[in-house]
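Order of appearance sets the numbers: ligands from 1, and atoms from 1 within every ligand. Quick caveat, the model's predicted, so the values are computed rather than measured. All values below were derived from every heavy atom in this structure, side-chain atoms included, with hydrogens, water molecules and symmetry-related copies excluded.
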Amino acid sequence: MILNTELEYKGNLFPSKIIAYKKDVDTLYFTSENNVVLQLTIERDSVLRFRYTTTSIFENDFSYAITKYASKGFNHLEIEEDDKNYIITTSKLICHISKLDMRTSIFDVKDKSLICEDELGFHWEESYEYGGDIVKMSKVAQDGESYFGLGDKPVQNNLKGKRFENWVTDSYAFGRTTDPIYKTIPFYTGLHHKKAYGIFFDNTFRSFFDFCQERRNITSFWAQGGEMNYYFIYGPDMADVVSNYTDLTGKPHELPPLWALGYHQCKWSYYPEAKVKEITSTFRKLKIPCDAIYLDIDYMDGFRCFTWNKDYFPDPKRMVKELADDGFKTIAIIDPGIKIDNEYSVFKEGLANDYFCKRADGPYMKGKVWPGECYFPDFTNPEVREWWSNLFKELIEDIGVKGVWNDMNEPAVMDVPGKTFPDDVRHNYDGNHCSHRKAHNVYGMQMARATYHGLKKFSYPKRPFAITRAAYSGTQRYCSTWTGDNVASWDHLSIANAQAQRMCMSGFSFVGSDIGGFAEQPNGELYTRWIQLGIFHPFCRTHSSGDHGDQEPYAFDNNVTNIVRKFIELRYQLLPYLYTAFWRYANEGIPILKSLVLFDQEDPHTHYRNDEFIFGEKILVCPILEPNARGRRMYFPKGDWYNHWNNEQVKGGKENWVDADIDSMPIFIKAGAVIPKYPVQQYVGEIEIKELKLDVYFKLGKEKSQVYEDAHDGYDYKKGRFSLRNFTLVGKKDSLTIQQFKSGKFTTSYETFELNLHGLPFNISKVVVDNEEIDFSKIITNTNSLIISKEFTDLYILGE
Ligand code: MIG
């Protein structure tokens, strides 16, 4: 028998032949002679859930990852059998289950091609020490198969040839080979023969994935307890795999307030108040846009959550208001460790209500973190989450803090082996009592969830904004995230790029890195290159550790300040574009950043590209990742692309050199795109938008674009008060038509559109707006800009 586990081998066990089969609406049960039951649920035509027990009895079916809003239902289901197999057919796939040994194979219903096939299939070892099983699955890797996803792994896009572990871990100054790190997202996409499928192994125990590392043509995954419980998600488009995974584990419950997509400034730590004000006023003085300022742990009294150090911050409410008047949203950190202190109300309440985690034999789980010895709320207890959420009343409702930053929620414990709770710690797990072995990977997620609910309650009618470091699948429903304690190095700039793309491919798009690096200090050049990448990450924040000097956009030299300002300004101009991409993500689960493989999986070149990605739907970016660069080579995926800086056109499907001195970076716009832009603001809402700029990039042929708008905060958009503009551009040799179809009940603040026409192959002779010819000489500039001072549905531009 071939091992596929690092664990001490005690003997793999296997299902024997199937002796019984039963169907219950959408769920099929196959029972083997040796008491293994495979429960197969048809979630959707393209989504199957496989769940196994080795004792004929299933655990209580409970998951923190799967959302109650997941789509269910299928169009077609047919179950047949032949001598060898049970055969299940939906409108998307065919699944064979071998009568002999329960192994499964899945085929595309259209062309009958093999998509995913068990090797050993489900097998297990008995876990005498803990009870239950070590559950394992192995699959045959198909010819030329590549693998993507798995959350925050700091490695190149394609995971083939590597093995990973999932165990949420505080990983200060992690590197490319550090594994595991902060997040557990046990979901990957496999791609072969141009077809993609996904596997989500919804098991919270410490788990492992091996992508052809141990055995060249075998992919396997296993966990140290719990059930073999995984979802098979068929594409064949990778984009559909990711969006179906996101449908299962949840999209963000609401859009972020628009300001949260602005630029954030952070440091460990800005204090006292005078320092905070000095930072914010410098931003305003130098006209560098910024929407959020962070308070790290030093704002607290002895690191006690929900308290303030009154020497540093004598009147937080006044300060937060003054910052708000200047356009700054204050975001405060909250950690899970509650200081053992009988004078401290949060501690006393937690103790009185029995809300803290306990060890197996009864004592509280005691661990050292920033406040000293602490107890830790059991966030897997719904009552504790409710209590925790109510603790935010003062901070949010009274003081006016707008966002909360959850850190150390792996949970991190100092100076102990494993840097976290020991395995025996007990958890409620929403009534499914268990040890830390099972609850560890969701602890941070449940803390973020409780925090999110507190924010939501006390920010109402505004939208909440939270950020977490630790996460399990599904955390994207509640908050944003960052990639943890990275390092100010060129290698880490490239890691940040890989991690953001990977998180987006793993259903969690609201992500960013500590711009400039958390540990150590970047020079001006590295910081500049990092900002250039960072403005294209959904979450955009500079953060750094206190002991390494200043890291604000103006902390280097004037040249750096000017370039950084220019890029942050670009971010602010692109806000309506980014907001639209966020809406697509929140609505349809479409990742905000698309690795090239996700953009065009049929082009094999994209399977191995790491640096380039698509921001939203239409903008291709490629960061500069090396010092002293004057440009770089990059790959252009299919389509025609315009250079953002000079309108030069490039045909996709090849690699090209692109100039990019320190004040530039490769940014390309897809031909046919209509890109909405705002004027530069120092913060969101600073000015009322009176005019929407539409950058129009000519294309021979047809292209669709969207612009989504709403009040940028609040919940009215959920009642239909949004504005969705669907643009269809059709370019011909001598004409250009832009049709606009508007839906939604929200009236945007602008009625004027400035259309900048890029790449028009002709001189304009005639402009017709909604069937009315207009004297375009009055509204056109020599740079091909048209000002249209009304809503239009039909624009027709004719050449000479
Ligand atoms: O042990 O709060 O990743 O962003 O500044 C370090 C202090 C604790 C780690 C976080 C970092 C934060 C820092 N925290």
Pair listing, side chain to side chain donor-acceptor pair (under 3.5 Å) test, anchored in residues 328-339, at least two apart: Asp291-Lys329
Answer yes or no: is there an ion pair linking Glu397 with Lys457, defined by an N-O contact shorter than 4.0 Å? no
Answer yes if the ring centres of Phe200 and Tyr245 are under 6.0 angstrom apart, and no otherwise. yes
What residues come within 4.0 Å of ligand 1, counting heavy atoms only? Trp268, Asp296, Ile297, Ile333, Trp370, Trp405, Asp407, Met408, Arg469, Trp482, Asp485, Phe518, His543
Electrostatic pair Lys275:Glu278 at N-O distance under 4.0 angstrom: yes
Could you tell me whether Tyr554 and Phe283 have their ring centroids closer than 6.0 angstrom? yes
Ion pair Lys277/Glu322, N-O distance below 4.0 Å: yes
